[in-house]
Amino acid sequence: MRRPRPLSLLCLTAMALSGLTVGGPATAAPAPQASPTAAQAVPDELVVGYVSGATSSQRERARGKASAQLAERVVAARSDRVEVERVRLPPGKSRDQAIAELTSDPAVAYAEPNWVYTIQGKPVSQGKPGGGGAATAPDYFSNGSLWGMYGDASRPANQFGSQASEAWATGNVGSRAVYVGVIDEGIQFDHPDLAKNIWTNPKDSTFDGSDNDGNGYVDDVHGWDFAGNNSSIYDGGTRGSSDDHGTHVAGTIGARNENTAAKVPTTTAPQVGVVGVNQDVTMISAKFLGNRGGSLANAVKAVDYFTDLKTRHGLNIVATNNSWGGGGFSQTLLDAISSANAANILFVAAAGNSGTNNDTTPSYPSNYEVPNVIAVAAIDSKGELAAFSQYGATTVDLGAPGVGIWSTTAYNGYSSYSGTSMATPHVTGAAALYAAANPGSSAAKIKAAILDSAVLTPSLTGMT
């Protein structure tokens, strides 16, 4: 259970020893109820969890009670998880009636909507792409734009930044041996500020049509697209749509910093672009969001993808970034996050952008009471809670920079976004930077270091 704290919002700060940490209040368990806004779900679909040991014939019998058809297996039964299926309902079938019919069968543990999740950030302004000539982007670090990376003594300085630049000054710029999962839209993996920090699967490094690492995903070279069920994690699309958000999140976590004034030592070469909290890190894409959001079933598969990469394939995955939300309580997603917790993977989640109190109106997935969850609100460059940000004295752990955040976007671009989506990767980046300085740290230790190093924001003492 998350510890109660006297204040609801904290600002990201640094610890000289580790490089970077953050902290904030903790949460009580949310009630299994829907979010306050009209929760969206995939029409005519349900996600069904079965009791342990349910046979295929028993599952078929249960589906028959609701005239449902099997669409796919979402989770295979194992010692810590029940079998979970996505099923299709006949057109016009009442969702509530179908849930009642399914759960009347003794083989069914639960049935729930296939919730739809959406991103928790939006563009504010768009910069120039990199690439030289007249289109060369500015150095966003030195021109005052990357306030989220600044610290009290950095140049430029901002006491409400993440203090990342002060961590770099101690010599901690991250490590390629630390892995982070980005569960979001896709990532432009060849963006000039990201390319060297994007994972290339050593056992599936080429698109040869084979599942060389045996994880069930053919050619997951840089990750997997769960929405499209293919290996193409970057589909581009029109500017401002698909994969911009995921690329933006990735840039805040780990834009490479080979070309900005933040580089130590500086060079005489032209400086362009942005830098992330980690100058060195390895990021893996699990794309499940598109222009219309993403489904519960695909979100669960994405979370499980990283748990499997760590537990069976030995990758040092310390955290996943989850800048999305929506729907209501889901037992399936709760179980997936719990499995990630058992694997020592932090689940860093956006608190949401509706400006409401998560203590009284749960917001998922940030409200799940699992030890590995860190719920993140957004603050602005003055240390104030962002007007759009959700909050909660017991259900939101901390605030981080989330207003006017410049980062990478598709087509080699750079854009300013605002949202708890933008605050969340500052915290995920902090977890990775701490892990780089403290190899072998458990998820609990990293989270404790983040929360214990928080700086109280005086202007937010009245938030509840």
Side-chain angles (χ1 to χ4, degrees), residues 12-23 141 146 148-151 154 161-183 187 193-200 202 223 249-258 260 262-265 274-285 306 309-310 313-322 340 343-348 372 374 376 398 400-401 407-408 423-454:
L12 202 58
T13 188
M15 267 177 26
L17 177 63
S18 65
L20 181 67
T21 49
V22 278
F141 185 89
L146 286 185
M149 299 298 158
Y150 301 158
S154 62
S162 68
Q163 309 284 331
S165 57
E166 294 190 23
W168 306 331
T170 70
N172 184 12
V173 295
S175 170
R176 292 298 308 281
V178 174
Y179 291 71
V180 169
V182 179
I183 302 176
I187 301 172
D193 280 7
L194 299 177
K196 291 185 178 179
N197 281 346
I198 300 298
W199 180 59
T200 296
V249 164
T252 297
I253 296 169
R256 178 69 179 177
N257 188 45
E258 293 184 322
T260 78
K263 188 174 178 64
V264 181
V274 298
V275 58
V277 174
N278 297 265
Q279 299 176 25
D280 291 302
V281 69
T282 300
M283 295 180 287
I284 306 174
S285 175
F306 290 112
L309 284 178
K310 183 166 189 176
H313 301 273
L315 272 62
N316 182 31
I317 298 170
V318 301
T320 60
N321 190 90
N322 303 277
N344 265 314
I345 301 173
L346 289 169
F347 186 93
V348 188
N372 61 332
I374 302 178
V376 186
L398 71 160
S407 187
T408 48
T424 303
H426 283 89
V427 180
T428 303
L433 201 58
Y434 182 90
N438 300 271
S441 295
S442 67
K445 183 176 181 180
I446 297 171
K447 179 176 178 178
I450 286 174
L451 300 186
D452 290 345
S453 67

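- By the 4.5 Å heavy-atom criterion applied to side chains, Lys447 and Asn372 are not counted as neighbours.
- A donor-acceptor contact shorter than 3.5 Å links the side chain of Asn438 to the backbone of Tyr434.
- Of all heavy-atom pairs between Gly148 and Ser162, the closest is O-OG, 2.6 Å.
- Put simply, the side chain of Phe347 reaches to within 4.5 Å of the side chain of Asn322, judged on heavy atoms.
- In this structure the side chain of Thr408 reaches within 4.5 angstrom of the side chain of Val274, judged on heavy atoms.
- For Thr428, the side chain to side chain donor-acceptor pair (under 3.5 Å) partners at least two apart in sequence or on another chain are Asn321.
- You'll find the side chain of Val180 stays beyond 4.5 Å of the side chain of Ile284, heavy atoms only.
- Interatomic distance, Tyr179 OH to Met283 CE, rounded to the nearest 0.5 Å: 12.5 Å.
- With Thr252 contributing its side chain and His426 its backbone, the two residues share no donor-acceptor pair below 3.5 Å.
- The CD1 atom of Ile317 sits 12.0 Å away from the CG atom of Leu346 when rounded to the nearest 0.5 Å.
- Going from atom CD1 of Ile253 over to atom CG of Leu194 covers 10.0 Å, rounded to the nearest 0.5 Å.
- Checked by atom type and distance alone, the side chain of Asn197 pairs as donor or acceptor with a backbone atom of Gln279 at under 3.5 Å.
- Put simply, the side chain of Val178 reaches to within 4.5 Å of the side chain of Asn316, judged on heavy atoms.
- Closest approach of Val249 to Pro425, counting heavy atoms only: O-CB, 3.6 Å.
- Pairing each heavy atom of Ile187 with each of Ser285, the nearest pair is CD1-CB, 3.8 Å.
- For the pair Ala400 and Ala423, the tightest heavy-atom approach, listed with the atom from each and the gap, is O-CB, 3.4 Å.
- Rounded to the nearest 0.5 Å, atoms OG (Ser407) and CE (Met149) are 7.0 Å apart.
- Residues forming a ring pair (Phe, Tyr, Trp, His ring centres under 6.0 Å) with Tyr150 (at least two apart in sequence, or on another chain): Phe141.
- Across all their heavy atoms, Gly151 and Ser165 have their closest contact at N-OG, 3.5 Å.
- Checked by atom type and distance alone, the side chain of Trp199 never pairs as donor or acceptor with a backbone atom of Gly181 at under 3.5 Å.
- Taking CG from Leu315 and CZ from Phe306, the interatomic distance works out to 10.0 Å, rounded to the nearest 0.5 Å.
- When atom types are taken as modelled, the side chain of Asn278 and the backbone of Leu433 share a donor-acceptor pair closer than 3.5 angstrom.
- Contact between Lys310 and Asn344 at its shortest, heavy atoms only, is NZ-O, 3.0 Å.
- Using a 4.5 Å heavy-atom threshold, the side chains of Arg176 and Val281 count as separate.
- Contacts of Asp280 classified as side chain to side chain donor-acceptor pair (under 3.5 Å), with partners at least two apart in sequence or in another chain: Arg256.
- Looking at Val348 and Thr320, their side chains never come closer than 4.5 Å, going by heavy atoms from C-beta outward.
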